[in-house]
Structure formats: structure tokens, C-alpha cells
Amino acid sequence: MKIGYPCVNEAMDCSAANTFRLASYSDERLVAAVAANLACLRRLLEWNVAQGLLFFRMGSGIVPFGSHPVNTFPWQTRFGSEFRALGQYIKAHGLRVSFHPDQFVVLNSPDAHIVRRSVEELVYQGSMLDLMELDGTAKLQIHVGGLYGDRELALSRFAAVYATLPAAVRARVVVENDDRLFSLRDCLALHQQTGVPILFDNFHHECLNHGEPMADALRLAAATWHPTADGVPMMDYSSQAPAERKGKHTVSLAEELFRGFLAELHGLDFDLMLEIKDKEASALRALAILRETGLAGPAPTGPVPPLALPPAPGAPPKGKRQKNSHAA
DNA sequence: ATAAGTCAAGCCGGG
DNA sequence: CCCGGCTTGACTTAT
């Protein structure tokens with residue numbers, strides 16, 4: 001079981017989400033942003049390895065406008081060696097990575113243009129994993145999409161588009177149950193039709209279900225993953241923020257709920273993505289709990305770097321990204 | 001230097 | 001009928 005957190009490390013003094021406005025697009029800005037994002041991603045992964053956090057969701061914006069027609073720059077070749085080196089690091093340290101393409105990716109839209117753009121976005125994100133030379137266990141996590149007033153039709157449109165995806169993309173796509181439209185039951189039906197693995201979100205399931213107990217839901221979702229082609233089932237873990245709107249993620253890990261959740265696993269293996277506001281801080285607490293209960297390997301033995309790594313040698317020339325700097 | 005407004009993209013449901 | 005929410009805030013311009 002690996003523990004991860006999404007996209008952002010709040011203790012890190014760099015961002016892997018450097019971008020710019022479409023209106024100010026230029027190849028120069030693109031190259032600068034990608035270079036900065038890949039360098040930061042490398043440091044972020046190193047920090048994760050040192051802490052024993054072996055699962056990570058990368059942000060979708062590593063290559064700004066990565067699937068937009070404005071971006072005709074051959075970033076795949078320009079940054080090929082950087083992607084490959086990242087992939088080698090990931091494989092060498094047993095890391096698991098994924099992407100979660102955003103809400104604009106809607107494979108079951110009745111609008112062919114939206115579907116085409118969605119596929120292009122999946123191709124972009126999947127190609128980053130390909131450039132890293134990662135196998136099919138590195139996933140692209142999406143939702144079913146819209147309801148459009150007809151659940152069955154919406155599901156069958158997803159299935160039809162899924163069948164036409166480029167093989168390299170289809171090997172990576174997994175579908176997550178959501179909290180309002182498509183429940184675990186809907187997703188399992190979709191799995192029956194298509195074979196797509198279902199990424200279980202426990203909190204969404206709490207918001208939208210058909211009475212399946214958590215332990216059953218976990219087993220059903222896990223069974224949709226092929227042990228070798230897809231790897232250990234991934235899932236998103238969160239819990240309700242107390243005294244907040246229903247469906248809002250908690251700000252930090254609720255440890256007793258988390259312990260209760262682990263008990264529901266009954267030995268099932270998952271890689272857990274903690275969708276919790278305070279990111280790596282809660283991921284570290286979850287990892288500590290896992291180690292107590294013997295569900296995760298021991299803490300790394302090597303020297304553990306400080307929370308904020310020192311800047312790389314010869315580093316940030318322009319005072320960008322200096323979160324707490326008073327230098328002026 | 002800091003704050004406000006805006007940013008490529010879709011969809012649903014609450015107010 | 002507009003706006004917040006969604007896996008994640010960052011860029012740009014005004015003050």
C-alpha cells in the first residue's frame with residue numbers, strides 16, 4: 001500500500017504548475033515553464049521518496065496548453081530526455097504516479113467537438129507517461145461525465161468513445177465514481193461493458209451510493225483492476241469536513257475515521273491518494289498510521305532532508321516563487 | 001508590494 | 001438564471 005497526495009506540496013519552495021495566459025503564448029515562455037515544472041517535479045519526487053510517500057498525482061499543467069492548438073512546439077522531443085530521466089527515477093524508487101485530467105475532459109458528451117478535445121487532452125497527458133517510459137500501471141483518472149438527462153445513454157456513449165481511444169490512452173484510463181451523478185454501481189456497470197478499471201473514491205461513495213457497505217464497495221472496485229496490467233488498485237481517500245457543506249473535503253486527516261477505514265479493507269491492497277486540503281502533511285500522518293499497523297514498509301533509513309529543500313545549486317535567479325521572502 | 005480580477009475548456013444543481 | 005464546485009491556484013493588471 002502506497003500513500004500519495006495530489007499535485008501540490010505546500011512545503012516545497014517551487015511549483016510544478018508554472019503557466020501563463022493563452023494571450024501571452026510564446027514558444028519561449030512555453031520552454032521556460034516546462035523546464036521549471038520538470039525541475040520542480042524532480043525535486044518534489046525526491047522529497048516524496050525521502051519521506052516514504054510513494055504515490056503522487058502530477059498536475060495537468062506540466063506543459064501549458066499541452067493539448068491546445070496554439071501549442072505547436074515539439075516539447076516531446078525538446079524535453080524527451082528530461083521526461084525519460086524522471087521516469088527512470090520513478091521506476092528506480094518504486095514510485096506510482098497518475099494524472100487526473102480536469103473537468104473539461106468529458107468523453108460522453110453529445111458534442112463531438114468536446115469529445116475530440118477531451119481525447120486530445122488524454123493523449124497529451126498519456127504521452128507524458130509514455131515519454132517517461134512508464135507501464136500501464138500509471139493511470140489517467142477521469143469521471144464518466146455528464147448525465148444529459150439519460151443515464152443509460154450517457155453510459156453507453158462513454159463506452160462507445162472508450163472503445164475508440166488510442167490503445168496507449170485506453171491502457172491508462174480509469175474511471176472514478178463521483179458524488180452526484182455516477183455512483184459506484186454505475187461505474188461497475190460501465191466496467192462490465194468496457195473493462196475499464198474503476199477507481200474507488202470512498203468519500204464520493206458516502207455521498208452517493210445504493211446502500212453498499214464500504215467493505216463490499218472496496219472489494220467490488222478492486223476486482224475491476226487487472227493485477228499486472230493495471231497494478232494495485234488506486235483509490236481516492238477523504239472524509240467530510242466537519243460543519244461544512246456536504247461533500248466538502250476535510251482540511252486535515254481525521255485520524256480515527258482513517259483508522260476505521262483501514263479496518264474495512266480486511267487485507268485488500270490499495271494505493272491511496274489522500275484528497276485532503278493540507279496535502280503532504282496529512283499524507284505523512286496517514287503513512288505513520290500505516291506503519292503503526294504494519295500496512296506500509298518501514299521508514300527510509302537514509303538521511304531525511306529538511307521539509308523545504310535548499311534551492312538547487314545556481315538556482316532561482318529572478319525572485320519568483322519566494323513564498324516568505326522579505327528580500328527587497 | 002499587495003490586492004483584485006481573470007483565466008482554454010463542461011456540467012450540474014443550489015441559491 | 002447566475003454562480004460555486006470540481007483533483008490543484010497562478011497570471012496579469014490595478015492600486
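Reminder, nothing fancy here: chain letters follow the sequence lines and each chain counts from 1.
Note: A/Phe20 and A/Phe65 have tilted aromatic rings, judged against thresholds of 30 and 60 degrees for the angle between ring planes. Using bins of under 30°, 30° to 60° and over 60° for the plane-to-plane angle, the ring pair A/His143/A/His204 lands in the tilted bin.
By the neighbour-count criterion of 12 heavy atoms within 6.0 Å, atom NE2 of A/His210 is densely surrounded, having more than that number from other residues, nucleotides or ligands.
Across the protein-nucleic acid pair, A/Tyr25 atom OH and B/dA9 atom P stand 17 Å apart, rounded to whole Å. Taking atom CG on A/Asp278 and atom P on C/dG9, their separation rounds to 11 Å, with Å as the unit. Rounded to an integer number of Å, the gap from OH of A/Tyr148 to C1' of B/dC12 is 10 Å. Atoms CE (A/Met235) and P (C/dT7) sit 14 Å apart, rounded to a whole Å. The interatomic distance linking A/Met12 (CE) with C/dA10 (P) rounds to 14 Å, in whole Å. To the nearest angstrom, C1' of B/dA9 lies 14 Å from CG of A/Leu107. Between the CG atom of A/Asp179 and the P atom of B/dC11 there is a distance of 17 Å, given to the nearest Å. Counting to the nearest Å, the C1' atom of C/dG9 and the CG atom of A/Asn18 are 12 Å from each other.
Contacts of A/Glu121 with the nucleic acid, taken as non-hydrogen atoms under 4.0 Å apart, include base atoms. Residue contacts shown for A/Gly146 are limited to sugar-phosphate atoms, with no base heavy atom under 4.0 Å away. Among the heavy atoms of the strands, none lies under 4.0 Å from A/Arg116. Across all strands, A/His204 comes closer than 4.0 Å only to sugar-phosphate atoms, never to a base (heavy-atom distances).
In this structure, the ring of A/Phe203 has its center no less than 6.0 angstrom from the ring center of A/Tyr237. Side-chain rings of A/Trp75 and A/Tyr124 approach one another, their centers coming within less than 6.0 Å.
For A/Ser15, taking side-chain heavy atoms from C-beta onward, the closest of the listed nucleotides C/dA10, B/dC11, B/dA8 is C/dA10. Distances were taken from every side-chain heavy atom of A/Arg21 (C-beta onward) to each of C/dT7, B/dG10, C/dT12; the shortest belongs to C/dT12. Side-chain proximity of A/Leu22 to the nucleotides C/dT7, C/dC11, B/dA8 is greatest for B/dA8. Here the side chain of A/Ser67 is nearest to one of B/dA8, B/dC12, C/dC11, namely B/dA8. Counting only heavy atoms from C-beta on, A/Asp102 has its side chain closest to C/dT7 among B/dG10, B/dC12, C/dT7. Counting only heavy atoms from C-beta on, A/Phe20 has its side chain closest to C/dT12 among B/dG13, C/dT12, C/dT8. Of the candidate nucleotides B/dA9, B/dG13, C/dT7, B/dG13 has the atom nearest to the side chain of A/Arg180. You'll find that the side chain of A/Thr19 is closest to C/dA10, out of C/dA10, B/dA8, B/dC12. If you check C/dT8, B/dC11, B/dA8 against the side chain of A/Val8, the one that comes closest is C/dT8. Of the listed nucleotides (B/dG10, C/dC11, C/dG9), B/dG10 has the atom at the smallest distance from the side chain of A/Gln103.
Distances shorter than 4.0 Å separate some side-chain N or O of A/His143 from OP1 or OP2 on C/dT7. The phosphate of C/dT12 has OP1 or OP2 within less than 4.0 Å of a side-chain N or O from A/Arg29. Of the side-chain N and O atoms in A/Ser24, one or more sit less than 4.0 angstrom from OP1 or OP2 of C/dT12.
The side-chain tip of A/Arg117 does not point at the ring of A/Phe104 from less than 6.0 angstrom away and within 45° of straight on. For the pair A/Arg157 and A/Tyr148, the cation-pi test (distance below 6.0 Å, angle within 45°) is passed.
Along DNA chain C, the nucleotide nearest A/Lys277 and the nucleotide nearest A/Lys248 are compared for position; the residue whose nucleotide lies closer to the 5' end is A/Lys248. When each of A/Val63 and A/Gly149 is assigned the nucleotide of DNA chain B bearing its nearest heavy atom, the one mapping closer to the 5' terminus is A/Val63.
Using modelled atom types and a 3.5 Å distance limit, the side chains of A/Thr137 and A/Asp135 yield a donor-acceptor pair.
The stacking criteria are not both satisfied for A/Phe104 over the base of B/dG10, which would need a centre-to-centre distance under 5.5 angstrom and an angle between ring planes under 30 degrees.
Across every strand in view, B/dA9 sits unpaired, with no contact that passes the Watson-Crick or G-U test at under 3.5 angstrom. Of the nucleotides present, B/dA1 is the one that pairs with C/dT15 by Watson-Crick or G-U wobble criteria, both distances under 3.5 Å. C/dT8 is unpaired under the Watson-Crick or G-U wobble criterion, no partner having all donor-acceptor distances under 3.5 Å.
Separating the C1' atom of B/dA4 from that of C/dC6 is a span of 23 Å, rounded to the nearest Å. Here the separation of C/dG4 from C/dG9, taken at their C1' atoms, is 16 Å to the nearest Å. Atom P of B/dA3 sits at a distance of 29 Å from the matching atom of C/dT7, rounded to the whole Å. Rounded to a whole angstrom, the distance from the P atom of B/dA8 to that of C/dT12 is 10 Å. Comparing the C1' positions of C/dC3 and B/dG5 gives an interatomic distance of 16 Å, to the nearest angstrom.
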